Amino acid sequence: MEKIAFIGAGAMAEAIIKGWIDKGCVAQEQIYITNKCEQERLEELKEKYGVHILPNKEMLSEVDCIILATKPKDAKEAMASIAPFLSSHTAAFSVLAGIPIATIRESLGDRPIARIMPNTSATIGMSASGVTFNALVDEELRANCLKMLEAIGTVVEVEEEQLHAVTAFSGSGPAYIYYLLEAFEQVAEEVGLQQDVVRSLMVQTLAGAAAMVQTGNEEPAVLRHKVTSPGGTTEAGIRALEQHELAATIAACVKSATARSRELAKGI
Ligand SMILES: NC(=O)C1=CN([C@@H]2O[C@H](COP(=O)(O)OP(=O)(O)OC[C@H]3O[C@@H](n4cnc5c(N)ncnc54)[C@H](OP(=O)(O)O)[C@@H]3O)[C@@H](O)[C@H]2O)C=CC1
Ligand SMILES: O=C(O)[C@@H]1CCC=N1
């Protein structure tokens, strides 16, 4: 893949660009960026990463792959504005939450399409991405796309319908973890610790617990039991989580995000 053009140059586009360049998976000269009106933002990304600003829409006929990275609500307008300039072999990758392949095909015509759901940890090569392909994606392009996603983290291939749930878990997931950290920090002083101390304790605790699960040696429930001494502190803490129905709260969070992904498809 020689030339890749990002249609939309926001947070997710930047996370992917940084991840790719740091890994050497895609070179800065291969990347073109465009947005709706924020020229300063394009200059900022050009300055930071050495990517090209797309000089004009005509140049899209030369790119091998576009990456749709606007907000879902802006996607239709963005696709309409680029469709006349794409060549028939140009692949379309989309990170748009909720927007189905069928909608992209309606706007951009028959072409290879991949829907990707990464997360912002792509910035440091730690995304957990989901992906699904349409039938026009051949083996070579599929392998290429998977390689590009592996460069920014892990990747699972799923059915298109499952991408709503992938979005709810791992697309939005970093925000849930940051929210959790904010909550830990908020209570710090009430129990006699400074916020920065709690941050360093809990970031390491999260990383350590995640790494323990990642070894695959033991189930989370088994690991949890090993921490929980009868009559001890953990038991008291978990009892409070149960009394406040944390599991039900998490279920509501994921279901609500999944439903919102479905709604986004209709809102376009
Ligand atoms: N942020 C995240 O954690 C994740 C986001 N996503 C998906 O990624 C997509 C982008 O999200 P995010 O990066 O956060 O959004 P941002 O708001 O940060 O960026 C959106 C970009 O789209 C551009 N844009 C708007 N309209 C057009 C148009 N007509 N033509 C070209 N560009 C346009 C904006 O340009 P301008 O500033 O000039 O208006 C801006 O550069 C969304 O669809 C989201 O669902 C997926 C996974 C995770
Ligand atoms: O909040 C959103 O809609 C996007 C999709 C996943 C993460 N951010």
Side-chain angles (χ1 to χ4, degrees), residues 4-20 31-46 48-49 51 53-57 59-60 63 66-86 92-101 103-104 107-108 113-124 126-132 148-149 152-156 158 162-179 253-268:
I4 298 172
F6 281 83
I7 312 303
M12 199 58 240
E14 180 171 7
I16 295 172
I17 289 169
K18 181 168 188 321
W20 278 343
I31 299 174
Y32 291 77
I33 52 171
T34 185
N35 62 7
K36 187 166 184 184
C37 53
E38 289 281 339
Q39 188 63 25
E40 261 180 43
R41 169 67 176 165
L42 298 181
E43 298 291 349
E44 178 198 336
L45 294 182
K46 179 181 170 189
K48 260 165 116 175
Y49 304 110
V51 296
I53 297 173
L54 190 79
N56 50 55
K57 294 222 167 98
M59 218 213 124
L60 286 170
V63 310
I66 55 150
I67 301 189
L68 298 169
T70 67
K71 290 289 188 206
K73 69 175 175 53
D74 299 319
K76 205 128 201 185
E77 183 189 319
M79 290 192 285
S81 76
I82 60 167
F85 303 98
L86 300 179
F93 292 177
S94 164
V95 299
L96 306 167
I99 308 305
I101 286 174
T103 306
I104 298 168
S107 293
L108 300 183
I113 299 172
R115 271 188 66 196
I116 296 165
M117 183 43 58
N119 68 37
T120 46
S121 304
T123 311
I124 53 163
M126 295 278 282
S127 174
S129 307
V131 64
T132 197
M148 289 156 87
L149 293 178
I152 54 166
T154 62
V155 54
V156 288
V158 295
Q162 295 175 309
L163 269 187
H164 296 299
V166 170
T167 305
F169 279 105
S170 54
S172 299
Y176 310 149
I177 303 299
Y178 300 137
Y179 188 75
C253 158
V254 170
K255 285 180 191 173
S256 180
T258 306
R260 183 62 191 143
S261 175
R262 291 209 168 87
E263 279 170 17
L264 287 173
K266 293 184 204 134
I268 185 171

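Only a predicted model underlies this, so the values are computations on that prediction, with no experimental measurement involved. Note that the numbering runs from 1 along the sequence shown for the chain. Just so you know, ligand 1 is whichever comes first in the structure, and atom 1 is the first atom listed for that ligand.
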Give, for atom NZ of Lys46 and atom CD of Gln39, the distance between the pair rounded to the nearest 0.5 Å.
9.0 Å
Hey, is Glu263 close enough to Lys266 for a salt bridge, meaning N to O under 4.0 Å?
no
Quick one, Tyr32 with Ile53, criterion side chain to side chain contact (heavy atoms under 4.5 Å, CB included). Give me CA distance, side-chain angles, the key distance, then yes/no.
CA-CA 5 Å; Tyr32 291 77; Ile53 297 173; over 6 Å; no
For ligand 2, the residues whose heavy atoms come within less than 4.0 Å (ordered by chain, then number)
Ala97, Thr167, Gly171, Ser172
Counting only N and O atoms by type, is there a donor-acceptor contact under 3.5 Å from the side chain of Arg41 to the main-chain atoms of Ala9?
yes
Testing Leu68, Val51, Ile31 one by one against Phe6 for a side chain to side chain contact (heavy atoms under 4.5 Å, CB included), which residue passes?
Ile31
Working note: Ile66 + Ile82, criterion side chain to side chain contact (heavy atoms under 4.5 Å, CB included); need CA distance, chi angles, decisive distance, verdict.
CA-CA 10 Å; Ile66 55 150; Ile82 60 167; 3.6 Å; yes
Less than 4.0 Å between a side-chain N and a carboxylate O, is that true for Glu43 and Lys48?
no
Using a 4.0 Å cut-off on heavy atoms, what residues surround ligand 1? Order them by chain and number.
Ile7, Gly8, Ala9, Gly10, Ala11, Met12, Asn35, Lys36, Cys37, Glu38, Ala69, Thr70, Lys71, Pro72, Asp74, Glu77, Ala78, Val95, Leu96, Ala97, Met117, Pro118, Thr120
How about Phe169: does its CZ atom have over 12 heavy atoms from other parts shown lying under 6.0 Å from it?
no
Side-chain heavy-atom pair Thr132, Gln162 within 4.5 angstrom cut-off:
no
